[in-house]
2 protein chains.
Amino acid sequence: MPDTRDRILAAARVLFATKGFGSTSVADILHSADVNAGSLYHFFPGKQDVLLAVLDAYHAGIGPMLLDPAWTGVDDPIDRVFALLARYRGALVATDCSYGCPIGSLALEIHEPDPPVRERLAANFDAWVAAVERCFVDAGDRLPADVDRRALAVFALTTMEGGVMLARTHRSAAPFDDAVRMLRDHVARLEAAV
Amino acid sequence: MPDTRDRILAAARVLFATKGFGSTSVADILHSADVNAGSLYHFFPGKQDVLLAVLDAYHAGIGPMLLDPAWTGVDDPIDRVFALLARYRGALVATDCSYGCPIGSLALEIHEPDPPVRERLAANFDAWVAAVERCFVDAGDRLPADVDRRALAVFALTTMEGGVMLARTHRSAAPFDDAVRMLRDHVARLEAAV
DNA sequence: GTCTATAGCTAGATAGAC
DNA sequence: GTCTATCTAGCTATAGAC
């Protein structure tokens, strides 16, 4: 039996990703984690603190939980960018295009987040961008020297997040694929321009 | 004094855009519109039906409320695309990067929307994409013939929505500007490739 | 650390006079 | 069409025994 605190976090992570933060009640978490209210409030001051811990877990796990699985067997730095995007596509189609990026969903759901929440959302985005920026940096002179690697990584993130948003709304991976195909074309043209 | 129903819709539109749907209570709408509960429930069966009417209003108003103001004095079809994106940037900076695209926010906030809600969100995205696709179609042979105009319009939408998401989270227009600059560069390379 | 029971509040929605 | 008062359900969080 895993640690109680971990069970709470695991349950909350799934529920926040599938139902959102506001639509997930503490009772939902308790039921899903098979835990009593007293235990949850023993470990966390309140519901928002559970969210903070979930966001910290995402941030800490971006390597082992997201990047490493996406990049096993993929060495080419530019292929890695699109392997990462393909990972999000896999999550989409595996859930009938209803599950996307949990960070993005929370970022738009919580309109006026308390500073600690917003900071953690931003930190997650920053870590994603830094990882992809690293790919583009590693691509070296395959990309024109004057191309801003970090801005290109931000562009990859907006493509993914916007693609997930449209795919979920249309319940179809087609808009996600359209956007990623355009990004792939852009990167190919950058490579051809060297 | 405007029509009561219109006052309700105007108040709900602002509240849903600034606070979100879930965080806006019926009491908030009543107070903001200076209307009593009996009046709201006379015109609408419930809160969700107010949302449906708001989404219909966005859809009906995409020309007069969004495209027309963005495109006055802008005749070049490709400039029109970026004038539209600049309009969203203006909304961002005017609100300290806390207000973005109301449709996108609702699309990610409401995780399992009832079919009528999801259909209207999709219809709003479709209308946006169709308008931008028209711009790229009007660009004619300034773009390579084999470029999918509709996919390019979807790409513009994902850039905008993703950019708004990051700008709001970072409370900075910089990521929005990064993404739009990359899109602009992509379109410029397409034009140069003809 | 875990359990049950419940406080205290706010939500969406309704009733019925006018 | 508009008003006030109110119902019922669900929420977060707490109390206090074990």
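What's counted below: heavy atoms across the whole structure, side chains too, no hydrogens, waters or symmetry copies. These numbers come from a predicted model, not from an experiment. Chain letters run A, B, ... following the sequence lines, proteins first and then strands; every chain starts at 1.
- Summarising the geometry, the separation between CG on B:Asn36 and C1' on C:dG16 is reported as 15 Å, rounded to the nearest angstrom.
- No side-chain heavy atom of B:Ser23 sits under 4.5 Å from any side-chain heavy atom of A:His111.
- The distance between atom CD1 of A:Ile29 and atom P of D:dC11, rounded to the nearest whole Å, is 11 Å.
- Put simply, the residue from A:Arg80, A:Arg149, A:Arg150 that forms a salt bridge (charged side-chain N to carboxylate O under 4.0 Å, His left out) with A:Glu133 is A:Arg150.
- Each of B:Gly38 and A:Ala27 was assigned the nucleotide of DNA chain D with the nearest heavy atom; the assignment lying further toward the 5' end belongs to B:Gly38.
- Whole-Å rounding puts the A:Ile8 CD1 to C:dG1 P distance at 11 Å.
- Crowding of B:Asp49 atom CG: a count of heavy atoms from other residues, nucleotides or ligands under 6.0 Å exceeding 12.
- Side-chain proximity of A:Ala37 to the nucleotides C:dA5, D:dT12, C:dT14 is greatest for C:dA5.
- Distance, A:Phe43 CZ to D:dA13 P: 17 Å, rounded to whole Å.
- If you take NZ of B:Lys47 and P of C:dG12, they are 4 Å apart, rounded to a whole angstrom.
- OP1 or OP2 of C:dG1 has not a single side-chain nitrogen or oxygen of A:Ser39 nearer than 4.0 Å.
- Remark: C1' of D:dA5 and CG of B:Leu40 are 17 Å apart, rounded to the nearest angstrom.
- Within 4.0 Å (heavy atoms only), A:Ser23 reaches no atom of the nucleic acid at all.
- Close to C:dA13, at under 4.0 Å from its OP1 or OP2, lies a side-chain N or O of B:Tyr41.
- Side chain to side chain, A:Ser39 and A:Asn36 fail the donor-acceptor criterion of an N or O pair below 3.5 Å.
- Of the side-chain N and O atoms in B:Thr4, one or more sit less than 4.0 angstrom from OP1 or OP2 of D:dT2.
- B:His31 places its NE2 atom 15 Å from the P atom of C:dT10, with the value rounded to the nearest Å.
- Here C:dT2 presents its P atom at 7 Å from NE2 of A:His42, a figure rounded to the nearest Å.
- With a 4.5 Å cut-off on side-chain heavy atoms, A:Leu121 and A:Ile103 count as touching.
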